[in-house]
Each structure stands twice: as C-alpha cells, then as structure tokens.
Amino acid sequence: VKTSVSQHLTFIQARKAANPADFAQVVRLAKWWAKQQKNLNDSFRFKSFMAELVLAHLADEGQSFVDYVDALEQFFAWIVDTELGERVAFEDFYSASELPSPTAAAIEIFDPVNAENNVASLYTEVQRRAIVDAAEQALDAIAEARYATTKSRAIECWQVVLGKSFKG
C-alpha cells in the first residue's frame, strides 16, 4: 500500500493544532477502548488508525475535544448513528474526485494520503456490526455514568468503556 509517513504526521499535526492537547488525549482514550474490546474478545477488530481517522473526521466536522467525556460520547454516537456506513475521506492530500466509486466494502475509511487505500477494506459485515454494538454499549455506559447516583456506580459504568483497571 502506497502511503507517506511524513504526510500522515502532517495530517495529524493539523488536527492537533486545531485542538491543542485535547485531540491527542481523546484519540488515546478511543484507542484504549478498542484495546479493551480486543482483550474481551480476540475476534474484535478495530484498528487504532481507524479510530484516529474517525476522530479526525469529527474534528473536521467541528467536534470539540475540550471535554473528554463529551468527545468520547460523540465518537461512540457517530459510530452508532452511522453504523460505520458513512464514507470517511479527507482532502488534505487529494481531492474527493480522486476517491474510487463506492465499493461493496462493509466500511469505507480512506487513508488521508492515498485515495485508493480504504484502510477498512478487509473488514466484514460481522466485524462492522461488532464495532457498532461495542460502541453502543460504551455510549450507553457513558450516559448512565453521567447520571449515576453514586461514584461507585459511575466507576462501574466507566469500566465498561475503559476496562476494569479504571478506578475513577
């Protein structure tokens, strides 16, 4: 797959510059969530790069990253609302006209430096559905944590998202 590490760095640095400190932290939290899902189910697939690209897409759409809880909630809500059926692409290094025609791929998230590279091209419908289901569980847990009447219940909810090592 043809790509460019230096252009990837430029792409991410632009999102970080637009959201100083906060973008990187929310990306780390989303990647941690994906890792926890993989620890629970070794057949779960959600590349950390895909999580980063979804968050970059949300940043480009004007998503704020200042409040980590809100940002994570919006990340999971976007996955649930779109069911990963929305094509994600960027125009930093190519124009939208250079993208291939829609494919039969279950998920279409394009490399920000190569319009021909759908980084999710090998994902199946079952894997797409598993990501959406896990995001829905995380979204529900965040909502419940917001309104939990005790700290211990809020921590239990956040452990659904961030794993049992989360202590609040």
For [X] against [Y], the heavy-atom pair lying closest together:
X: Ala106; Y: Arg128; answer: O-CD, 3.3 Å
X: Ala148; Y: Ala154; answer: CB-N, 3.6 Å
X: Asn118; Y: Ala105; answer: ND2-CB, 3.7 Å
X: Phe23; Y: Glu52; answer: CZ-O, 4.2 Å
X: Tyr68; Y: Val26; answer: CD2-CG2, 3.9 Å
X: Asn19; Y: Ala59; answer: ND2-CB, 3.9 Å

[X] and [Y]: same hydrophobic cluster, using ILVMFWY side-chain contacts below 4.5 Å?
X: Phe46; Y: Val119; result: yes
X: Ile12; Y: Leu58; result: yes
X: Phe166; Y: Trp32; result: yes
X: Val54; Y: Leu99; result: no
X: Phe110; Y: Val27; result: no

Discussion item. Any donor-acceptor pair under 3.5 Å linking the side-chain atoms of Gln63 with those of His57?
Written reply: no
Worksheet entry | Thr3-Asp111 side chain donor-acceptor pair, cut-off 3.5 Å | yes
Under a 4.5 Å cut-off applied to non-hydrogen side-chain atoms, are [X] and [Y] in contact?
X: Asn114; Y: Gln7; answer: no
X: Gln36; Y: Lys164; answer: no
X: Glu108; Y: Thr103; answer: yes
X: Leu53; Y: Pro112; answer: yes
X: Ile131; Y: Ile107; answer: yes
X: Phe75; Y: Asp70; answer: no

How long is the straight-line distance from [atom2] of [Y] back to [atom1] of [X], given to the nearest 0.5 Å?
X: Lys167; Y: Leu162; atom1: NZ; atom2: CG; result: 12.0 Å
X: Phe49; Y: Lys31; atom1: CZ; atom2: NZ; result: 9.0 Å
X: Ser97; Y: Glu91; atom1: OG; atom2: CD; result: 8.0 Å
X: Tyr147; Y: Ile142; atom1: OH; atom2: CD1; result: 12.5 Å
X: Leu29; Y: Leu72; atom1: CG; atom2: CG; result: 5.0 Å
X: Arg129; Y: Glu83; atom1: CZ; atom2: CD; result: 4.5 Å

Worksheet item: When you check the gap from the basic side-chain N to the acidic O, do Lys16 and Asp22 get nearer than 4.0 Å?
Response: no
Discussion item. With a 4.0 Å cut-off on N to O distance, would you call Lys2 and Glu116 a salt bridge?
Written reply: no
Worksheet item: Pick one: which of Phe93, Phe90, Tyr94 meets ring pair (Phe, Tyr, Trp, His ring centres under 6.0 Å) with Phe11?
Response: Phe90
Worksheet entry | side chain to side chain donor-acceptor pair (under 3.5 Å) between Thr124 and Gln127, intermediate numbers included | CA-CA 5 Å; Thr124 67; Gln127 291 164 328; 3.3 Å; yes
Item to complete: Tell me whether the guanidinium CZ or amine NZ of Arg45 lies under 6.0 angstrom from the six-membered ring centre of Tyr123 and within 45° of its axis.
Response: yes
Worksheet item: Would you say the side-chain atoms of Thr10 pair up with the backbone N or O of Ser6, donor to acceptor, closer than 3.5 Å?
Response: yes
Worksheet item: Taking Glu98 for the side chain and Ser95 for the main chain, is one N or O donor matched with an acceptor at less than 3.5 Å?
Response: yes
Practice prompt. Walk me through it: do Asp140 and Phe76 pass the test side-chain contact (heavy atoms from CB on, under 4.5 Å)?
Written response: CA-CA 9 Å; Asp140 289 347; Phe76 295 126; over 6 Å; no
Practice prompt. Tell me, yes or no, whether the heavy-atom count around Lys47 atom NZ, taken from other residues, nucleotides or ligands under 6.0 Å, exceeds 12.
Written response: yes
Discussion item. Go through it in stages, so that I can follow the logic: the residues are Glu86 and Trp78, the test is side-chain contact (heavy atoms from CB on, under 4.5 Å), and I'd like the CA-CA distance, side-chain angles, deciding distance and then a yes or no.
Written reply: CA-CA 10 Å; Glu86 183 177 309; Trp78 183 88; 3.8 Å; yes
Worksheet item: Given Glu156 and Glu144, is the side-chain contact (heavy atoms from CB on, under 4.5 Å) satisfied, shown in steps?
Response: CA-CA 10 Å; Glu156 288 174 12; Glu144 187 175 344; over 6 Å; no
